[in-house]
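Right, one structure below, let's go through it.
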Protein chains: 2
Amino acid sequence: MATGRTTPASPSPGGAPRRTRVRGIPDATVARLPLYLRALTALSERSVPTVSSEELAAAAGVNSAKLRKDFSYLGSYGTRGVGYDVEYLVYQISRELGLTQDWPVVIVGIGNLGHALANYGGFASRGFRVAALLDADPALAGQTAAGLPVRHMDELEEIIRSEHVSIGVITTPPGAAQQVCDRLVAAGVTSILNFAPTVLQVPEGVDVRKVDLSIELQILAFHEQRKSGEEQPQEDPVVSRPGSGAKAVAAAAARAVSRARGTSTSTTLGSEAEA
Amino acid sequence: MATGRTTPASPSPGGAPRRTRVRGIPDATVARLPLYLRALTALSERSVPTVSSEELAAAAGVNSAKLRKDFSYLGSYGTRGVGYDVEYLVYQISRELGLTQDWPVVIVGIGNLGHALANYGGFASRGFRVAALLDADPALAGQTAAGLPVRHMDELEEIIRSEHVSIGVITTPPGAAQQVCDRLVAAGVTSILNFAPTVLQVPEGVDVRKVDLSIELQILAFHEQRKSGEEQPQEDPVVSRPGSGAKAVAAAAARAVSRARGTSTSTTLGSEAEA
DNA sequence: CTCTGTGAAAAGCTTCACAGCG
DNA sequence: CGCTGTGAAGCTTTTCACAGAG
């Protein structure tokens with residue numbers, strides 16, 4: 001799962017029993033709705049009128065029991081003995097996800113990744129409209145990307161207000177992310193998609209989701225390692241616990257690892273870590 | 001969570017009790033290790049010698065009980081009354097994730113996103129080395145991106161073998177993704193990071209993780225909608241269930257939605273959906 | 001006295017399996 | 001008869017809360 005929600009809907013430590021979940025759809029289900037929607041859209045384009053849970057599940061890459069359970073949270077939209085009406089389900093899921101309305105977004109940080117996102121077809125095709133591209137670099141301002149002019153950060157607040165932007169995408173270097181986030185929030189943005197490898201601090205009521213390219217690779221590396229390394233548990237013989245006498249050794253070994261990785265030991269997490 | 005594993009380590013329908021999990025670290029924990037690693041790296045760079053679970057948890061954006069539980073799966077690496085030795089923990093987590101070895105990766109599809117990834121600092125700084133950039137377009141072959149030459153797809157098999165590549169990154173348009181995936185797998189790749197909005201079919205033993213930019217936005221939209229729409233449950237009055245007499249209405253409404261989204265009704269999921 | 005490590009409880013999610021609708 | 005919708009079981013993950021190391 002790209003990754004998780006950040007503001008964890010605080011369970012009110014005071015004891016108040018949290019706003020009763022009306023029609024509460026589980027997070028795990030919400031995360032899969034876009035998947036179903038994509039599969040359904042493809043079927044719709046091929047003019048397939050109905051689909052069974054089994055078929056749709058295969059197309060979406062999940063199992064059918066899960067899919068049926070997921071849909072049961074939305075309501076009873078299927079027909080027993082037949083399946084689901086594709087068009088109808090597309091509409092219901094779109095509505096549930098809020099895609100039947102227009103969502104203007106701003107993209108802040110027009111480097112490689114910002115460019116890529118500005119050109120991303122999947123945004124426009126799902127109700128997301130890029131209201132503006134913003135960058136702090138005055139040299140970029142005036143250039144265009146994906147047909148839109150890049151505008152200077154100075155204009156951020158005004159754009160957010162005049163365009164009623166409630167979703168912001170951060171594709172800046174990590175050092176600038178929190179500051180950009182603060183400005184977005186102050187200007188009224190309440191949902192943030194963060195591509196910078198930083199943990200953002202936001203006030204209650206603001207949602208942050210993050211996409212971290214290197215995290216996904218690291219998870220793959222973990223499993224990959226397990227595949228080739230089906231040998232012995234590899235008890236490491238050199239590095240011992242700090243405090244038990246050989247702290248210096250441990251530290252040295254750790255540092256050697258960092259060096260090998262190319263991690264600078266003095267600057268903030270690799271200069272161009274913007275993606 | 002960006003997203004989930006795809007090959008679900010098949011529970012052997014035959015009944016065999018699945019290879020016993022030796023030192024099994026929960027998936028949820030594995031997914032958080034990179035987060036901890038990043039926070040620890042930052043501390044290490046500021047020469048902080050030790051850190052408490054509370055502090056580290058805050059830096060990583062999780063709660064401290066979870067963090068302690070996570071670390072307990074790796075072993076007892078802390079010191080009661082004190083905290084964790086930063087360098088030592090960096091080393092242990094790196095080792096657990098397999099980042100103490102070199103992981104050559106290939107990136108296939110050098111469009112906007114492929115470019116962005118080629119330039120991404122977070123790869124190199126975590127042990128991932130871009131072994132090659134590949135694209136099917138002969139016009140691109142010969143150009144360079146991030147200092148590396150773009151090579152033609154024809155060379156894929158040879159590069160994977162000679163460089164011992166086991167991880168592939170797919171940043172092609174969706175139509176090409178499965179085909180590229182098949183070639184990668186045939187050539188020996190066993191882990192794939194997929195940015196194309198497609199469900200990839202892979203044989204047992206191959207791991208796929210996907211990053212889908214528009215899915216994350218859709219999840220944000222869902223929550224965003226809930227914020228402004230704290231009103232009544234919005235029982236939709238126009239669209240009724242298909243089969244109960246008004247199917248045509250439903251379909252029309254659904255189609256209207258698709259149109260509004262800009263989804264083409266004939267081609268395969270928006271031509272340039274490459275990101 | 002502080003802060004880790006961990007059993008045990010709680011919550012959340014997935015899978016099973018089948019009643020029953022069309 | 002086929003396929004949905006769903007209780008109930010099983011599993012995973014999170015949270016609690018505290019024993020006990022340093």
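Just so it is clear, the model here is predicted, and its values are computed rather than measured. In the text below, chain A, chain B and the rest are named by the order of the sequence lines, each starting its count at 1.
Here the P atom of nucleotide C:dG22 and the CG atom of A:D85 are 16 Å apart, to the nearest Å. Atom P of nucleotide D:dG5 and atom CG of A:L56 are separated by 12 Å, given to the nearest angstrom. What separates NZ of A:K69 from C1' of D:dC3 is a distance of 16 Å, to the nearest Å. Rounded to whole Å, the distance from CG on B:L74 to C1' on C:dT6 is 14 Å. Between B:D70 atom CG and D:dT13 atom P the separation is 10 Å, expressed in whole Å. Whole-Å rounding puts the B:R80 CZ to D:dA21 C1' distance at 5 Å. In this structure, A:L67 places its CG atom 10 Å from P of D:dG5, rounding to the nearest Å.
In this structure, of D:dG22, D:dT6, C:dA19, it is D:dT6 that holds the atom nearest to the side chain of A:R68. Closest to the side chain of B:P26, from the set C:dT4, C:dC21, D:dT13, is D:dT13. Picking from C:dG5, D:dC16, D:dT14 the nucleotide with the shortest atom distance to the side chain of B:S76 gives C:dG5.
Within the helix from C:dC1-D:dG22 to C:dG22-D:dC1, the inter-axis angle between the opening and closing five-pair segments is 10°, rounded to 10°.
Remark: B:K66 is not in phosphate contact with D:dT13, judged by side-chain N or O atoms under 4.0 Å from OP1 or OP2. Contact between the side-chain N/O atoms of B:S53 and the OP1/OP2 oxygens of C:dC3 is not found at any separation under 4.0 Å. Contact annotation: A:T79 side-chain N/O to C:dG22 OP1/OP2 distance is not under 4.0 Å. Contact check, B:N63 against D:dT15: a side-chain N or O comes under 4.0 Å of OP1 or OP2. A close approach under 4.0 Å does not occur between any side-chain nitrogen or oxygen of B:Y73 and OP1 or OP2 of D:dT14. Phosphate contact (OP1/OP2 of C:dC3, side-chain N/O of B:Y77, threshold under 4.0 Å): absent.
Heavy atoms of A:G81 sit under 4.0 angstrom from at least one base atom. Within 4.0 Å (heavy atoms only), B:F71 reaches no atom of the nucleic acid at all.
The shortest distance between side-chain heavy atoms of B:T198 and B:I170 does not fall below 4.5 Å. Taking the side chain as every heavy atom from C-beta outward, B:H223 and A:D27 approach each other to under 4.5 Å.
When ring centroids are compared, A:F71 and A:Y77 stay outside the 6.0 Å threshold.
Partners of B:R32 by salt bridge (Lys or Arg N to Asp or Glu O under 4.0 Å), not counting sequence neighbours, listed by chain and number: B:D70. For B:S166, the side chain to side chain donor-acceptor pair (under 3.5 Å) criterion is met by no residue, not counting sequence neighbours.
A salt bridge does not link A:R68 to A:E54: none of the charged nitrogens lies less than 4.0 Å from a carboxylate oxygen.
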